[in-house]
Amino acid sequence: MPPGTGRADPYRVWLSEVMLQQTTVAAVKNYFIRFTTLWPRVEDLAAAPDAQVMAEWAGLGYYARARNLLACARAVAASGGGFPDTRAGLLTLPGIGPYTAAAIAAIAHDAPETVVDGNVERVVARLFAVQTPLPAAKPELTALAARLTPRTRPGDYAQAMMDLGATICTPRSPACALCPLSDMCDARAQGIAPELPRRAPKAPKPQRTGIAWVARSADALLLEERPAKGLLGGVLAFPSTGWDGREMPPPCPADWRHLGEVRHVFTHFNLSLTVMAGDLAGPATRGRLVPLRQFDRSALPGLMRKVWDMARDQVKQ
DNA sequence: AACACGTGGGA
DNA sequence: TTCCCAAGTGT
């Protein structure tokens, strides 16, 4: 597509922007290709089964995005009119917040909306030498960014600002010598570009523990969908305790063997998960048996892939 | 307003 | 190893 023509497919813009929330381009790339191949139009995605979408999203993280993605696709498909073409209209859809609404309006519809993501926050904080720490500085940075937004080619401008932040005006060692805006950058003039934006100190991550059980029955594994809300909501997993230190019985009788500990880092805590494996020796109280032939490691979230990788040799013999 | 919510890569 | 943090949203 030629630059500035505002003809990007809103469906693809929306899908990529949602995938890119808090996620790097490298991590998103193959997921985007896979989703657009399976579901070329928003109506196709809307018609997909929940479990398939969750399985395809597995590994990308922030699973509420996948649940909202499907809800949004179904709302758009049901409306029959495609995606809204205004920021305000987009904002009413699940999973579309201020950033994504502005990005779709600017990139797909060439609307003069101001797109503010982490990159733009950093670029603007440096251009104007904003000393207020994030996240309190957000409104101030948004207002400053709005003053910069051009009326022509706002979509290209938005992508250029994000690219500048991603490649030149980077968090640690900004390449000011290569920056086209260095002449007008207050932080550069003051020699404090690498220190901005300032951030409020963050709380240390608590350490949590739990147990995951890998149970085999003949040629099947005991798995369950996690509850729709909360951590890893709606995604496939091995039965486990809550990760609050409370006791919980295993999901079925078995002669459990201790395989080891899996460590995993979540946004707000560290987890050490004890992996137990055994042969199902009676009825299960949770989960369902998934034939090994149907089992697909890629349908598991990252944590559960680690659990499986530890248990697979034991289970598959 | 503050917190919940994944993961992987770079320094 | 450890820390930082990346194209945020929902509650």
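Per chain, numbering begins at 1; letters A, B, ... match sequence-line order.
Residue A:Lys202 is classed as a sugar-phosphate contact, given heavy-atom separations below 4.0 Å to backbone atoms only. Using a 4.0 Å heavy-atom criterion, one finds that A:Arg263 contacts no nucleic acid atom at all. At a threshold of 4.0 angstrom between heavy atoms, the contacts of A:Val265 include nucleobase atoms, whether or not backbone atoms are also involved. Using a 4.0 Å heavy-atom criterion, one finds that A:Gly165 contacts no nucleic acid atom at all.
Partners of A:Glu225 according to the salt bridge (Lys or Arg N to Asp or Glu O under 4.0 Å) rule, which considers only residues two or more places apart in sequence or in another chain, are A:Arg288. Judged as a salt bridge (Lys or Arg N to Asp or Glu O under 4.0 Å), and not counting sequence neighbours, the contacts of A:Arg74 are A:Asp50. Partners of A:Arg293 by salt bridge (Lys or Arg N to Asp or Glu O under 4.0 Å), not counting sequence neighbours: none found. In this structure A:Ala220 satisfies the side-chain contact (heavy atoms from CB on, under 4.5 Å) test together with A:Leu289, sequence neighbours excluded.
If you check residues 90-104 of chain A against DNA chain C, the residues with a heavy atom closer than 4.0 Å are A:Pro94, A:Gly95, A:Ile96, A:Gly97, A:Pro98, A:Tyr99, A:Thr100, listed by number. A heavy atom lying under 4.0 Å from DNA chain B marks none of the residues of residues 233-245 of chain A. Residues from residues 58-68 of chain A that place a heavy atom under 4.0 Å from any atom of DNA chain B, listed by number: A:Gly59, A:Leu60, A:Gly61, A:Tyr62, A:Tyr63.
Here the P atom of nucleotide C:dT11 and the CG atom of A:Leu231 are 16 Å apart, to the nearest Å. Protein atom CG of A:Asn270 is 9 Å distant from nucleotide atom P of C:dT2, rounded to whole Å. Remark: P of C:dT9 and NZ of A:Lys229 are 18 Å apart, rounded to the nearest angstrom. One interatomic measurement links the two molecules: CE of A:Met161 to P of C:dA6, which rounds to 15 Å at whole-angstrom precision. In this structure, A:Leu20 places its CG atom 12 Å from P of C:dT9, rounding to the nearest Å. Going from atom CZ of A:Arg199 over to atom C1' of C:dA6 covers 10 Å, rounded to whole Å. Atom C1' of nucleotide C:dA6 and atom CD of A:Gln22 are separated by 6 Å, given to the nearest angstrom. C:dT9 atom P lies 19 Å from atom NE2 of A:His268, rounded to whole Å.
Rounded to whole Å, the P atom of C:dT9 lies 22 Å from the corresponding atom of B:dG8.
Apart from A:Tyr62 itself, the hydrophobic cluster it occupies contains nothing, where clustering links Ile, Leu, Val, Met, Phe, Trp and Tyr at side-chain heavy-atom distances under 4.5 Å.
Partner of A:Arg208 under the side chain to side chain contact (heavy atoms under 4.5 Å, CB included) criterion, out of A:Leu273, A:Asn270, A:Asp244, A:Leu271: A:Leu271 alone.
Both A:Phe269 and A:Arg305 sit near DNA chain B, but only A:Phe269 has its closest nucleotide nearer the 5' end.
For A:Thr149 (side chain) and A:Glu113 (main-chain N/O), no donor-acceptor pair under 3.5 Å exists by modelled atom type.
The span of DNA chain B lying next to chain A, judged by atoms under 4.0 Å from heavy atoms, is bounded 5' to 3' by B:dA4 to B:dG10.
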Donor-acceptor pairs under 3.5 Å, side chain of residues 294-306 of chain A to any protein atom, not counting sequence neighbours: which ones?
| unit_1 | atom_1 | unit_2 | atom_2 | d |
| --- | --- | --- | --- | --- |
| A:Asp296 | OD1 | A:Ser298 | N | 3.0 |
| A:Asp296 | OD1 | A:Ser298 | OG | 2.9 |
| A:Asp296 | OD2 | A:Ser298 | OG | 2.9 |
| A:Arg297 | NE | A:Asp309 | OD1 | 2.9 |
| A:Arg297 | NH2 | A:Asp309 | OD2 | 2.9 |
| A:Arg305 | NE | A:Leu300 | O | 2.8 |
| A:Arg305 | NH2 | A:Ala58 | O | 3.0 |
| A:Arg305 | NH2 | A:Ser298 | O | 2.8 |
| A:Arg305 | NH2 | A:Leu300 | O | 3.3 |
| A:Lys306 | NZ | A:Arg263 | O | 2.8 |
| A:Lys306 | NZ | A:His264 | ND1 | 2.9 |

What donor-acceptor contacts under 3.5 angstrom involve side-chain atoms of residues 163-174 of chain A, with partners at least two apart or in another chain?
| unit_1 | atom_1 | unit_2 | atom_2 | d |
| --- | --- | --- | --- | --- |
| A:Thr167 | OG1 | A:Asp163 | O | 2.7 |
| A:Thr170 | OG1 | A:Ser173 | O | 3.3 |

Would you tabulate the side-chain donor-acceptor contacts of residues 179-193 of chain A under 3.5 Å, counting partners in other chains and residues two or more places apart, or write 'none'?
| unit_1 | atom_1 | unit_2 | atom_2 | d |
| --- | --- | --- | --- | --- |
| A:Ser182 | OG | A:Cys179 | O | 3.2 |

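A side-chain N or O of A:Tyr99 and one of A:Glu17 form a donor-acceptor pair less than 3.5 Å apart. Side-chain contact check for A:Thr274 and A:Glu261: at least one donor-acceptor pair (N or O, by modelled atom type) lies under 3.5 Å.
Atom CZ of A:Arg34 has 12 or fewer heavy atoms from other residues, nucleotides or ligands within 6.0 Å.
The CG atom of A:Leu15 lies 9.5 Å from the CG atom of A:Asp9; values are rounded to the nearest 0.5 Å.
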